[in-house]
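Worksheet for the structure shown next.
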Amino acid sequence: MLSFLSSVVDMAVINVLPTTSEWPITDTYKKMTETTLFDISYEARKKPLLNQTLERLQPIYSNAELDVLRIDRTSREGLAQRSGRGFVNRDTLETVLGNLLECVAPGSHNAPHLHHQNQGLSEAIEEVADQLYAMVAQSFLAVTDETYLGAALETAFSLLWELPRLKSRALWNRFASLKDPAVWDAYLLHTGISREKIAALDFRSQIDVAIQERTFEPYQDFLGTLNLTSVLDYQLQLVGSTYPGWRILFYHDVAHALTQTEPLEESPAIQRVPVPLLPRAISELAGRYYQADLHPETQIGDANFLEHPHRGVTTGQTGIIGSGCVIYPCTLGGLSVKVKQRHPVIGDFVEIGTDTSLLGPVQIADYSSVGTNTEIYGFVEIEQRCRIGSSVIIGTIRGAAEHPGKIYIGDEVRIGDGTVIENTSEMDLIIPNRSQIPARSHVANDGFGFPRYVV
């Protein structure tokens, strides 16, 4: 009889559950979470969010994608198992990230097994929702009490709600990787395309046009004029199967989304809060896999190509990277220890060369390029379409002036290899538009804000 009354009380609690925007939860709910993360109240709160999310996601998948979509399952007991101070274990995190990758690029991560039958979209998304919730919930439990478990459910679904955007970003990051000449590999050349013919093609400019117009058609049309229409599908498959850059950027997208609070696009009143611990754990796991240390709060656009990221790519918390960029192994780091804008801001279609260091609030505007082994630090602003050579040093220096002025480099400036540009004056140093600075020059501030060549 007491058991029956207890069940009635529990059902009454479910019937008066707070809305998804009312996160504080009852003592009864707290007691239930002591035994499992997946109690009956969780299922009741999950159902409407799942239905809304599925309605949003259905149109973004083709039948061909649904045929190859494979989601690895994790037992409820395993998901609810806490490690350390309640934080999710690494094996579970690897599984969930793999499943999310499968959601944005079906067939790219989880291979089908004999015992692994194809899942419908509803079943697949529900499985991922449970896994995400467990990770987010345990992240909150590691640093606070059960108060945020309601928020954990909404925050988990906020990530699923963004799958259309994340799927598009992953596709454009794969497409941007076609800027690598190595996508014209031995297999393609073996089919009859000569190296001389490929060498004469300006395919990068066509890819940039496609990125700007947000359609593959310019590149497809370009290939069509060369009777190479079949090349695009193979190149995208090559990138999706073997290139790490787009995967690194996807892991970053997941981590970054879990740091956000702003309202979701077309959201059914789903609210989210920044998740503790988990974004950094995802970032560290990506670093473990690929040696790319992208801080989860770095703002990064899409259609970017990370070339040879295994050699190390580092970004900082307040950094910003635009779209259409090509980034070789480099450091985009900070100099200040204050909580302020202390990392570089990179525009669109910028190229950053190998072993380059941009340190501090450096700004690189659209369509500029920075050569290999270059170091730019301090208060430096480089405008559009500049070409900075290799082994260049540009920086503001605290010398006689405790607060040196900035270095402004105007539009379309060309700076030769091995050049040094430094500003120790309190006045800003301005390099005029379209200036041509010869290789191995040494440029300083003349005391009036104009460049002076040091002999």
Side-chain angles (χ1 to χ4, degrees), residues 36-38 42 46 49-50 53-54 57 61 68-113 116 119 121-142 148-149 151-167 169-170 244 246-260 270 272-290 294 296:
T36 177
L37 292 172
F38 302 106
Y42 165 75
K46 179 181 73 173
L49 291 172
L50 180 62
T53 303
L54 285 169
L57 297 185
Y61 293 103
V68 297
L69 178 66
R70 298 292 188 275
I71 298 300
D72 281 344
R73 294 181 176 279
T74 303
S75 69
R76 290 295 187 93
E77 293 78 8
L79 287 175
Q81 181 65 42
R82 303 177 187 178
S83 61
R85 293 185 59 203
F87 189 56
V88 69
N89 64 61
R90 179 173 287 173
D91 290 341
T92 302
L93 180 56
E94 290 178 350
T95 298
V96 178
L97 287 175
N99 284 337
L100 287 169
L101 191 67
E102 184 74 4
C103 286
V104 300
S108 68
H109 184 77
N110 295 333
H113 305 291
H116 194 165
Q119 301 153 300
L121 183 63
S122 175
E123 183 182 1
I125 296 301
E126 183 171 12
E127 175 67 24
V128 177
D130 289 341
Q131 295 174 0
L132 270 176
Y133 167 71
M135 284 200 309
V136 174
Q138 294 199 37
S139 300
F140 281 118
L141 288 173
Y148 274 87
L149 286 180
L153 180 62
E154 290 199 19
T155 299
F157 269 96
S158 74
L159 185 59
L160 295 176
W161 189 262
E162 290 207 276
L163 278 178
R165 182 181 69 87
L166 298 177
K167 188 171 185 284
R169 287 172 61 87
W246 73 274
R247 295 171 184 259
I248 296 168
L249 291 169
F250 173 70
Y251 291 151
H252 173 79
D253 282 348
V254 173
H256 185 75
L258 295 175
T259 69
Q260 300 303 294
I270 294 177
R272 54 182 174 176
V273 296
V275 179
L277 305 178
L278 185 57
R280 296 296 290 271
I282 294 171
S283 175
E284 290 300 318
L285 196 60
R288 176 191 176 199
Y289 286 152
Y290 303 113
L294 308 184

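Start at 1 with the first residue, then count along the sequence. Since this is a predicted model, take the numbers as computed values, not measurements.
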Open item on the list: Whether the side chain of S283 engages the backbone of R280 through a donor-acceptor N/O pair (distance < 3.5 Å, no angle test) should be reported.
Closed with: no
Task: Flag side-chain contact, heavy atom, 4.5 Å: L37 against Q138 - done: yes
Open item on the list: If the condition is salt bridge (charged side-chain N to carboxylate O under 4.0 Å, His left out), which residues does K167 pass it with, not counting sequence neighbours?
Closed with: E65
Open item on the list: Checking the side chain of E102 only, and the main-chain atoms of R70 only, is there a donor and an acceptor separated by less than 3.5 Å?
Closed with: yes
TODO: Identify, with sequence neighbours excluded, every residue that meets salt bridge (charged side-chain N to carboxylate O under 4.0 Å, His left out) alongside R247.
DONE: none
Task: CA sep, side-chain torsions, deciding dist, call: I71, I125, side chain to side chain contact (heavy atoms under 4.5 Å, CB included) - done: CA-CA 9 Å; I71 298 300; I125 296 301; over 6 Å; no
Task: Heavy-atom check, side chain of L277 versus side chain of F140, under 4.5 Å - done: no
Task: Nearest non-hydrogen partners of Y133 and L149, listed with the distance - done: CE1-O, 3.8 Å
Open item on the list: Under a plain distance cut-off of 3.5 Å, with no hydrogens placed, do Q131 and N99 share a side-chain donor-acceptor pair?
Closed with: yes
Open item on the list: If you apply the rule side chain to side chain contact (heavy atoms under 4.5 Å, CB included), what do you find for V68 with S108, and how did you get there?
Closed with: CA-CA 9 Å; V68 297; S108 68; over 6 Å; no
Open item on the list: Test side chain to side chain contact (heavy atoms under 4.5 Å, CB included) on K46 and D130; report intermediate values, then the result.
Closed with: CA-CA 9 Å; K46 179 181 73 173; D130 289 341; 3.0 Å; yes
TODO: Before giving the answer on side chain to side chain contact (heavy atoms under 4.5 Å, CB included), spell out for L132 and T155 the whole-Å C-alpha distance, their side-chain angles and the decisive distance to 0.1 Å.
DONE: CA-CA 9 Å; L132 270 176; T155 299; over 6 Å; no
TODO: Would you indicate whether the side-chain heavy atoms of L100 and L159 approach each other to under 4.5 Å?
DONE: yes
TODO: Give the ring-plane orientation class for F38 versus Y42, where under 30° counts as parallel, over 60° as perpendicular and anything between as tilted.
DONE: perpendicular
- [ ] Identify the heavy atoms of L278 and M135 that sit nearest to each other, and give their distance.
- [x] CD2-CB, 4.0 Å
Open item on the list: Using 0.5 Å steps for rounding, measure from the CG atom of L294 to the CD1 atom of I282.
Closed with: 12.5 Å
- [ ] Please check if the side chain of Y148 supplies one atom and the backbone of V275 the other of a donor-acceptor pair under 3.5 Å.
- [x] no
Open item on the list: I'd like to check the salt bridge (charged side-chain N to carboxylate O under 4.0 Å, His left out) partners of E162; sequence neighbours left out, ordered by chain and number.
Closed with: R165, R272
Open item on the list: I need the minimum non-hydrogen distance between P164 and L57, along with the two atoms involved.
Closed with: CD-CD2, 3.6 Å
